[in-house]
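Nothing here was measured: the structure is a model prediction, and the numbers come from that model.
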Amino acid sequence: MSWLPLSFGAPMVLWGLLALPVIWWLLRFTPPKPQTEVFPPLKILARVLKREETPQQSPWWLTLLRLLMVALIVTALAEPVFNPRERLPAEGAALALVIDNDWASAADWGQRVATAERLITDASSNDVPVIIAFTAEKPNAEIGPFDAATALDRLRAAKPRPIPTDRPAVYARVAATLETLPGASVAVLADGLAAEGDEAAFNMLLSKNAARVVWAASDRPSLIGLTGADNQVDGFELTAIRAPGDPTPAQVTAGAFDDKGRRIADATLTFSPGESTATGTMAVPFELRNDFASIALDGQRQAGAVRVLDENSKRRRVGLLSQAEADQAQPLLSPLYYIRRALQPFADLTEPSSADLADAIPQLLDQKPAMIVMADVGTIPEQVRQRLVDWVDNGGTLVRFAGSRLVAAGNDDDLLPVRLRTGERSLGGALSWTTPQPVTDFPKTGPFSDLAPPAEVTVTRQVLAEPTPDIVERTWATLADGTPLVTGMKKGKGTLVLFHVTPEATWSNLPISGSFVEMLRRIVQLSRNQGAAVANAEAAATSLAPYRMISADGTLVPPTPDARPLVPGAGPLPVTFENPPGLYGSETGVLAHNLLNAESRFAPLVRPQITVPITTIQYAFDESHNLKGPLVATALLLMVLDTLAVFWMGGLFSRRPRRAGTAAATTAALLMALGALVGHTDIARADDSKPGDERAIEDISKTRIAYVQTGERSVDSISQAGLEGLTRFLIEKTALEPGAPASVDISKDQLSFYPLIYWPIDPAAPMPSQAAIGRVDAYMQQGGTVLFDTRDQFATGIGADSASPATERLRDILGNLNVPPLEPVPSDHVLTKSFYILPEFPGRFAGGPLWVAASLEATNTENRPVRTGDGVSPIMITANDFAGAWAVDENGDPLLPTVPSDPMQRIYALRAGVNIMMYMLTGNYKSDQVHVPVLLERLGQ
């Protein structure tokens, strides 16, 4: 009978089914059914005297019901299991579970957890302690031994991480723990991918104290990773990898997404049979390519299938300009020849059709280039000069090379980074060298700081700069005698760069060196929008704060509390627990830190050859079901049916007073008639509810804080998480127990249900309509309060001459509201002492004031110890990002770091939220407490 998907934990109990015939014989008789007879007594007496009453046989269906009930109970006691599974070898001195929770395990993490739960359950039945360790967790994470319940809790709390495994370190800790528990069972739940140091790690774990091994790993991983996304001349070239040896062809689609998550391009990558690498190209215009923020493979929900892009992946249009005539016979003597070859791999080049500077410069500027390179261009025509200067001031990068024309043109303070001396310096001239000058180390403050000085480059002729006080900070490359080779400076939003040599190999051999290509590439990086911050950070080797992280399932999420700043360096940076993949930097510029690089490869994990017994299992959910509970419940249901059947056979349900039944029927008829006559009265209004009444009742049943829906997903999610964090803090610290935060649409939702509405100002959100602003104005006039948060403390403050976009948007909104005069919260305001004593109101940012309605007695502080009106301020304004400081995840951990990073700042921000809520709910109650002695004195008089 092994082919049946059913097993029994106590099969000997089934022998009890042999008692069913005896039970049937005992249950086949029932007492006689009572008879209802009409008097006369003589008829009853005659019937008694005529025959003797015998027990009536029970109906067959009742006997069958009782037999079935007994059979169900006996079967339930035998502990039946449907679709039983084989018990795993979780026995011995302990069970050691080593689980890969890296990025490769994210796709089937649920099956891995279910497999580990079965192992822990079997260990619990054998009363065996459990050691549980994850290979992608903190290095100092506790591994046990634990009891089975604690091990299950730790297993269910674990989650996959978007980082590689660290098997050698984790296996070493487990092996050290097993030295005190010889003869333990070891269960290896691997991701199926080989990693460096696996052989030594498995030998250390399994060769000494393991008595038996449970091996769970995918035989052929189906993972596909994205190892390259290079912005080439014709499009984005993508490279994907899979495990080698797969004989089947495969196709995968890659999608490109912008910074708002919108899909804007596609490409198909095809794996040939047996091939482990596939390539594809997104052939789209470079203007569209510059909007790419990330590229992901469809159907691959793991971090290796996603690549985030920074400014290094964006191509820029570069304009080339020269006054020299092109010589087709001798292209190497062209001033633009080496510049074209150096820039072509990572920029889109454009040149004017006219040689006249008056026409050529406007032609280039009409193309909206990010950078213009001028090879020995002299005097700029006056009619186009101002337009070129404005282009630089607005963010353009102008790179100029020296030459005879530039020397003859003289100084130009608007289009040169330094002032030049008249004439040039050459080998053998008046200002000459005895030998050609080499290039020394690049200054640490310039963009070439991490480049090695080119030892093969020498200079025989150059244009000298005037020795001004700022010449040192404007020098990006120097010669051995200290004279500048490259100078640069910021001008407005743009950059001016000057190479003090010609772009052809006449004054130096720099244009034919590899350093020339790298130097131009760094300057192109500086020319990009929002690229200067990251470039300078790389040059100074400072750290970049986490900005957006790639989760294990391949989605972009806010930084986790464990993420640490990234220190840029040369070459690919390792992905670790403290530096997971994602974007590092800020809104002004980011650096992409991806999981896989061009050298990454997938290799299947090979099961180690050991002498101890090995049990191989597959990752799967537990499909076995214990039938004991359902069988007992069915037996109880049959017992209830049996009881009802006995009552029915005994006549309990048939002996009802006729008069009571008639009265009940008459009453029901009268009620129905009355309802028909007065259909417009309360009886007909029993279901008079309107749409929205249910939510209104929910909103007024508890005090709830609301936030305004801006339409920006990231802003709204932070607002919701922030109010949830404040609600938790209120419940923990005060007697107030608010309901869940509510999101409101100010254009249609009822606002009067909420005492406080938090409104984060985002310039990207659509401007509210006049009708919506009118509803907010009515809400404020009726006693509600709106807390406006511009979240731009480090951009500008309220009242500054140069306001941020968020402040500008707030001014547009307040221009349509009846806003009272405002003032920063005074030191003696009720808000400073409504619950906590607070001198200031910080949020995620510190330093910005909290603005409230100005007190009418602001100047009379002696007679009014507490400054407040009779009511509550209808408006509050801050720039400190309260919601960002309050925001927590489902575990209660903060979502966003404070600026500056101070744990107490978050506490003060939460206390500020408590004070605001207490102020909103109590009004001037706190203020009146100060005047209690005076009030009592007056009452006594």
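- With a 4.5 Å cut-off on side-chain heavy atoms, Leu193 and Trp103 count as touching.
- For Arg262, the salt bridge (charged side-chain N to carboxylate O under 4.0 Å, His left out) criterion is met by Asp258, not counting sequence neighbours.
- Counting only N and O atoms by type, the side chains of Arg212 and Ser185 include a donor and acceptor under 3.5 Å apart.
- Remark: Asp102 does not engage Arg161 in a salt bridge, criterion side-chain N to carboxylate O under 4.0 Å.
- Looking at Phe257 and Val308, their side chains never come closer than 4.5 Å, going by heavy atoms from C-beta outward.
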> Can you check side chain to side chain contact (heavy atoms under 4.5 Å, CB included) on Phe134 and Val170, steps first, answer last?
Replying inline: CA-CA 7 Å; Phe134 300 94; Val170 176; over 6 Å; no

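- Relative to the six-membered ring of Phe236, Arg289 misses at least one condition, a distance below 6.0 Å or an angle of at most 45° to the axis.
- Applying the salt bridge (charged side-chain N to carboxylate O under 4.0 Å, His left out) definition to pairs two or more places apart or across chains, none involves residues 142-151.
- At least one side-chain heavy atom of Val575 sits less than 4.5 Å from a side-chain heavy atom of Pro164.
- Glu518 is linked by a salt bridge (charged side-chain N to carboxylate O under 4.0 Å, His left out) to Arg521, Arg522, counting only residues two or more places apart in sequence or in another chain.
- For Phe271, there are no ring-ring contact (aromatic ring centres under 6.0 Å, His included) partners two or more places apart in sequence or in a different chain.
- Checked by atom type, the side-chain pair Ser600/Asn597 shows a donor-acceptor distance below 3.5 Å.
- Rounding to the nearest 0.5 Å gives a distance of 10.5 Å between CG of Asp166 and CG of Asp100.
- Contact check for Leu189 versus Leu97: side-chain heavy atoms found under the 4.5 Å cut-off.
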>> side-chain hydrogen bond (donor to acceptor under 3.5 Å, both in side chains), that's the test. Do Arg242 and Ser276 meet it? Break it down for me.
In response: CA-CA 5 Å; Arg242 66 175 180 176; Ser276 59; over 6 Å; no

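- Sequence neighbours left out, the pairs with a member in residues 149-160 that pass salt bridge (charged side-chain N to carboxylate O under 4.0 Å, His left out) are Glu117-Arg156.
- Val606 is linked by a side chain to side chain contact (heavy atoms under 4.5 Å, CB included) to nothing, counting only residues two or more places apart in sequence or in another chain.
- Using a distance-only test at 3.5 Å, with no hydrogens or angles considered, a donor-acceptor pair links the side chain of Ser717 to the main chain of Ser714.
- No side-chain heavy atom of Ser272 sits under 4.5 Å from any side-chain heavy atom of Pro249.
- Between the CD atom of Gln720 and the CH2 atom of Trp886 there is a distance of 14.5 Å, given to the nearest 0.5 Å.
- With rounding to the nearest 0.5 angstrom, the CG atom of Asp259 is 10.5 Å from the CG atom of Leu556.
- To the nearest 0.5 Å, atom CG of residue Leu566 and atom CG of residue Asn579 are 5.0 Å apart.
- Residues forming a side chain to side chain contact (heavy atoms under 4.5 Å, CB included) with Pro145 (at least two apart in sequence, or on another chain): Pro129, Ile131, Thr177, Leu181.
- Although no hydrogens or angles enter the test, the distance criterion places a donor-acceptor pair under 3.5 Å between the side chain of Tyr619 and the main chain of Ala216.
- A salt bridge (charged side-chain N to carboxylate O under 4.0 Å, His left out) check over residues 888-898, counting only residues at least two apart or in different chains, returns nothing.
- Side chains of Tyr547 and Glu587 form a contact here, defined as non-hydrogen atoms less than 4.5 Å apart.
- Among residue pairs with one or both ends in residues 593-615, none qualify as salt bridge (charged side-chain N to carboxylate O under 4.0 Å, His left out); sequence neighbours excluded.
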Listing, residues 298-307 side-chain donor-acceptor contacts under 3.5 Å, not counting sequence neighbours, or none:
unit_1 : atom_1 : unit_2 : atom_2 : d
Asp298 : OD1    : Arg263 : NH1    : 3.2
Asp298 : OD1    : Arg263 : NH2    : 3.3
Asp298 : OD2    : Arg263 : NH2    : 2.9
Gln300 : OE1    : Ile224 : N      : 3.2
Gln300 : OE1    : Gln302 : NE2    : 3.1
Gln302 : OE1    : Gly304 : N      : 2.8
Gln302 : OE1    : Ala305 : N      : 3.2
Gln302 : NE2    : Ile224 : O      : 2.9
Arg307 : NH1    : Leu226 : O      : 3.4
Arg307 : NH1    : Thr227 : O      : 3.4
Arg307 : NH1    : Leu596 : O      : 2.6

> Should Thr121 and Leu119 be marked as a side chain to side chain contact (heavy atoms under 4.5 Å, CB included) after you check the CA-CA gap, both sets of side-chain angles, and the distance that decides it?
Replying inline: CA-CA 5 Å; Thr121 301; Leu119 286 163; over 6 Å; no

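- Asp291 has its side chain within reach of Ile264: a pair of non-hydrogen atoms, C-beta onward, lies under 4.5 Å apart.
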> Run the side chain to side chain contact (heavy atoms under 4.5 Å, CB included) check on Ile99 and Trp109 step by step: do they pass?
Replying inline: CA-CA 11 Å; Ile99 305 172; Trp109 178 249; 4.3 Å; yes

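- Using modelled atom types, no side-chain atom of Asn101 and backbone atom of Pro160 make a donor-acceptor pair closer than 3.5 Å.
- Within a 6.0 Å radius of CG in Asp127, no more than 12 heavy atoms belonging to other residues, nucleotides or ligands are found.
- The shortest side-chain heavy-atom distance between Val888 and Leu895 does not fall under the 4.5 Å cut-off.
- Under the salt bridge (charged side-chain N to carboxylate O under 4.0 Å, His left out) criterion, Arg728 pairs with no residue, sequence neighbours left out.
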> Does the side-chain hydrogen bond (donor to acceptor under 3.5 Å, both in side chains) test come out yes or no for Asp553 and Ser551, once each step is laid out?
Replying inline: CA-CA 5 Å; Asp553 62 356; Ser551 64; 2.3 Å; yes

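- Remark: the backbone N or O of Pro139 is paired with a side-chain donor or acceptor of Arg173 at under 3.5 angstrom.
- Between Asp108 and Arg112 a salt bridge is recorded (basic side-chain N to carboxylate O distance below 4.0 Å).
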> Step by step, would you call Val612 with Leu206 a side chain to side chain contact (heavy atoms under 4.5 Å, CB included)?
Replying inline: CA-CA 8 Å; Val612 299; Leu206 305 177; 5.5 Å; no

>> Before you tell me yes or no, could you show the steps for Phe202 and Trp215 under ring-ring contact (aromatic ring centres under 6.0 Å, His included), namely the whole-Å CA-CA distance, both residues' side-chain angles and the distance that decides it to 0.1 Å?
In response: CA-CA 12 Å; Phe202 282 116; Trp215 179 267; 5.6 Å; yes

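- In this structure, the separation between CG on Leu583 and CG on Asn594 is 8.0 Å, given to the nearest 0.5 Å.
- Partners of Asp198 under the salt bridge (charged side-chain N to carboxylate O under 4.0 Å, His left out) rule, at least two apart in sequence or in another chain, are Arg167.
- Side-chain N or O atoms of His593 include none that pairs as donor or acceptor with a backbone N or O of Met549 at under 3.5 Å.
- Between the side chain of Thr150 and the backbone N or O of Phe146 there is no donor-acceptor pair closer than 3.5 Å.
- Distance CG/Leu269 to CE/Met282: 8.0 Å, rounded to 0.5 Å.
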